[in-house]
Undergrad: 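Can you keep this structure in mind? I'll have questions shortly.
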Protein chains: 2
Amino acid sequence: MTKSKRTRPRKSTAPTMLHVAEAARVSVATVSAVVNGTAVVSPALTARIEAAIKDIGYKRNAIARSLKLGKTRTIGLTVADITNPFFTDVVSVIQEVLHRAGYAVMLCCNDEDIETQDDQIQLLLDRMVDGLIIAPAGDDANLKRILEGTNVPVVLIDRICDGVDTDAVVLDNQRAVFDATTYMLHLGHRRIGYISGSLDTSTGRDRLAGYHEALDSAGIAFDDELVRLGNFREADAYKAAMQLLTQPDRPTAIFSANNLMVIGVMKAIRDIGLSCPEDISVACFDDFPWADVFRPQLTTVAQPVRAIGEQAAQLVLDRLAGKTENGPRRLVLQGRLMVRNSCRPHASLVQGAREHGAL
Amino acid sequence: MTKSKRTRPRKSTAPTMLHVAEAARVSVATVSAVVNGTAVVSPALTARIEAAIKDIGYKRNAIARSLKLGKTRTIGLTVADITNPFFTDVVSVIQEVLHRAGYAVMLCCNDEDIETQDDQIQLLLDRMVDGLIIAPAGDDANLKRILEGTNVPVVLIDRICDGVDTDAVVLDNQRAVFDATTYMLHLGHRRIGYISGSLDTSTGRDRLAGYHEALDSAGIAFDDELVRLGNFREADAYKAAMQLLTQPDRPTAIFSANNLMVIGVMKAIRDIGLSCPEDISVACFDDFPWADVFRPQLTTVAQPVRAIGEQAAQLVLDRLAGKTENGPRRLVLQGRLMVRNSCRPHASLVQGAREHGAL
DNA sequence: AAAGCTAATCTAAACGTTTCGAACGAGTCA
DNA sequence: TGACTCGTTCGAAACGTTTAGATTAGCTTT
């Protein structure tokens, strides 16, 4: 065997750089240089190589490339529930921004299950994703351990997680619920039911804190019976609302800590024979695209989904570009109360207004 | 240098099989055998190796593995719009099934743009996905070309694509719209507006065909003015509905060919000062989780999203397992008309009924 | 005791890239 | 005419696996 460049019989697999090199009568190094534009190659060879590439139909193998470079140009993304319009919107934006930057997105949903989440994150890391955007399912001691074993940039969205000190973009949940609750208080409601998300999540806790804060500020005593756990799911929220509505001194208003749960709440209200907003006022966290066209037109706290997605994506991209070497960045965005008409003034207020001749 | 097994100074990168091998004083082949369980290894060595793995914190590098094996255990998934609840539901199910089977999912959205779609599919193929599930954005000559260059199993969902002869799971769109339209005809409506999806998609065409068929069967002359293009998006549908509603002899009912568009339709109805179902009846393709709790409670054609997702995932899995060697399989599922109360009998019917003393 | 098994382990060649340093030819300068 | 540069091109060693085939040691057989 004189030279090692024996012509192989063109297997049935996809063409490789070697095939191109042979066809263009150059070395693979030169082909690589042309494909990636990493070195200057004479016009003559460039032309020959490009012709060969087109001719053979060569496509660079991204896996081999990833192995060599140690980067995959892929970002892992895990959210609790891809069915939730909030996550959907955010995922969509992240997807868009990252794709524009030349990154692919590997998506996982864990159905709010922490173990699934850990598995999936490990899976993503095994696949050498270059970065990770996580909407954590809940407080998770393992997450910390898993993450500190690696050095890929991580961005938490929506929820933060104890001990996981990474970049994050979250909402000022407490403030948002404070505003919403205060709005209901201004309408004269004194018994405001609260359907809470899981308290194992920062969002669950912060939102509930906003409710408490609003009550405190208004000098209203807090009633245990008015807060029920809905775990961010429709079914649980339905049960929770049912309990709220069947108690003797039932609330005159209900706040739901997310979008999925408000549907359960509305179903409970309907099933119990009440109607919103006539008999009971309702507001919730998370906006819907159809909120101002179907009735009752829900008063909601709209999250800036586009901003959340863009910032989260930008945070990873910045880390990847090595732009930010400093400590973790926490971005806190503000929600916006969208007042529509699922909340009505409480009877006492209406009464008062009438007496003052204002109605 | 006596033996080639020199101990390297444990670089800062992730531990590899070589590190494990050195720590356990065995060859990498043996480590591989233990990690994958592909060959029998003596209990003594197995124990040493497992200890070393735990000790060092070794994780198998999936990229290197993929390169060697030529499979990535990843399925590419592209849909037009992850924001659309229909796609969301299907994606969620596919995700779940594939994950259970040990596959990761790489998700792309193309925003109904064919070029983006082609880029993304090429990207997925470059990354050596083992299979592809595609909800094609529209008729796409390139798609055929791109796909026939590879031999990964492909499953089309929701829409099919001329010339792309692969497995597919779709709905009997024509039948579903036929049923819905017929239902409206039975209510006495004679001028039924139709907001169509893009006619570059099979769904757009088939659904419109269902509308035509229903009219034909009922012996009703087809009026061009009643069909408007909404391209499956809210904004376009809004404009389309506006045109429909402002024409002299406006329709007494409107059917929207998907979920996003019906929101535009409802907005148009509201903005023009009409109300549904009092002034005009509305029905649409695709169901909503909240459809029976917000008003008007929309009459819809529900797609069996879970079945679609499961079958699509199963189709790829079967191909990957080599179970089905025969030609392309086409699964056609049936939609289900969910009658709620966004459609009312036409005035003429009510009139007739009253005369017969039935009201 | 030689030959033949079997079972466990290892060696080394892939997989398809990237990239460093060497090699080579052609100019340029003293 | 050497000794230098430059500008191109190439050889070969990685990257971290898998796996076919070689090797070894320990048993049976006869």
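Lettering follows sequence order; numbering is per chain, from 1. Just so you know, these numbers use all the heavy atoms, side chains as well, and skip hydrogens, waters and symmetry mates.
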Undergrad: Quickly work out the A/Asn61 CG to C/dT18 C1' distance and round it to whole Å.
TA: 13 Å
Undergrad: Strictly below 4.0 Å: does A/Asn36 bring a side-chain N or O up to OP1 or OP2 of C/dT18?
TA: yes
Undergrad: Can you tell me if A/Ser42 touches the phosphate of D/dT8, counting only side-chain N or O atoms and a distance under 4.0 Å to OP1 or OP2?
TA: no
Undergrad: Just compare C/dC10, C/dT18, C/dA13 and give me whichever is closest to any side-chain atom of B/Lys68.
TA: C/dA13
Undergrad: Walk me through it: do A/Arg100 and A/Glu310 pass the test salt bridge (Lys or Arg N to Asp or Glu O under 4.0 Å)?
TA: CA-CA 12 Å; A/Arg100 213 185 304 132; A/Glu310 277 171 352; 6.0 Å; no
Undergrad: If I take atom CD1 in residue B/Ile63 and atom C1' in nucleotide C/dT18, what distance separates them, rounded to the nearest angstrom?
TA: 16 Å
Undergrad: Give one of base, sugar-phosphate or nothing for B/Lys71, where a contact means two heavy atoms less than 4.0 Å apart.
TA: nothing
Undergrad: When we call it a touch if two heavy atoms are under 4.0 Å apart, what does B/Leu45 touch: a base, just sugar-phosphate, or nothing?
TA: sugar-phosphate
Undergrad: Examine D/dT9: is either OP1 or OP2 under 4.0 Å from a nitrogen or oxygen in the side chain of A/Thr30? Give yes or no.
TA: no
Undergrad: Each nucleotide N or O in nucleotides 20-23 of chain D that has a protein N or O under 3.5 Å away: list the pair and distance.
TA:
none

Undergrad: Would you indicate, yes or no, if D/dG16 has its OP1 or OP2 atom less than 4.0 angstrom from a side-chain nitrogen or oxygen of B/Arg65?
TA: no
Undergrad: Base, sugar-phosphate or nothing for B/Leu67? Non-hydrogen atoms, less than 4.0 Å.
TA: base
Undergrad: Have A/Arg127 and B/Thr74 got a donor and an acceptor in their side chains that come within less than 3.5 Å?
TA: yes
Undergrad: Could you state the atom-to-atom distance from CG of B/Leu69 to P of C/dA14 in whole Å?
TA: 17 Å
Undergrad: Map A/Val35 and B/Val40 onto DNA chain C by nearest heavy atom, then report which one ends up closer to the 5' terminus.
TA: B/Val40
Undergrad: Apply the test salt bridge (Lys or Arg N to Asp or Glu O under 4.0 Å) to residues A/Arg319 and A/Asp167: give CA-CA distance (whole Å), side-chain angles for both, the deciding distance (0.1 Å), then the verdict.
TA: CA-CA 10 Å; A/Arg319 290 278 176 197; A/Asp167 289 345; 2.8 Å; yes
Undergrad: Can you tell which of C/dT17, D/dC10, D/dT8 lies closest to the side chain of A/Tyr58?
TA: C/dT17
Undergrad: Take the C1' atoms of the five end pairs on each side of the helix from C/dA1-D/dT30 to C/dA30-D/dT1, derive the two axes, and give their angle rounded to 10 degrees.
TA: 70°
Undergrad: Carefully, step by step, assess B/Asp318 and B/Arg329 under the rule salt bridge (Lys or Arg N to Asp or Glu O under 4.0 Å).
TA: CA-CA 11 Å; B/Asp318 285 354; B/Arg329 295 210 285 162; 3.6 Å; yes
Undergrad: Can you find a side chain N or O atom of A/Ser27 that sits less than 4.0 Å from OP1 or OP2 on D/dT9?
TA: no
Undergrad: Are the charged groups of A/Glu50 and A/Lys54 less than 4.0 angstrom apart, N to O?
TA: no
Undergrad: Between A/Gln122 and A/Asp126, does any side-chain donor sit less than 3.5 Å from a side-chain acceptor?
TA: yes
Undergrad: For B/Lys144 and B/Glu148, run salt bridge (Lys or Arg N to Asp or Glu O under 4.0 Å): C-alpha distance rounded to whole Å, both residues' side-chain angles, the deciding distance at 0.1 Å, then the answer.
TA: CA-CA 6 Å; B/Lys144 186 183 170 184; B/Glu148 66 195 10; 5.2 Å; no
Undergrad: Taking side-chain contact (heavy atoms from CB on, under 4.5 Å) as the criterion, tell me which of A/Ile121, A/Asp165, A/Val152 meets it with A/Leu147.
TA: A/Ile121
Undergrad: Nearest whole Å is fine: how far is C/dG16 P from B/Arg127 CZ?
TA: 18 Å
Undergrad: Ignoring hydrogens and angles, tell me if any N or O in the side chain of A/Thr30 forms a donor-acceptor pair with the backbone of A/Val26 under 3.5 Å.
TA: no
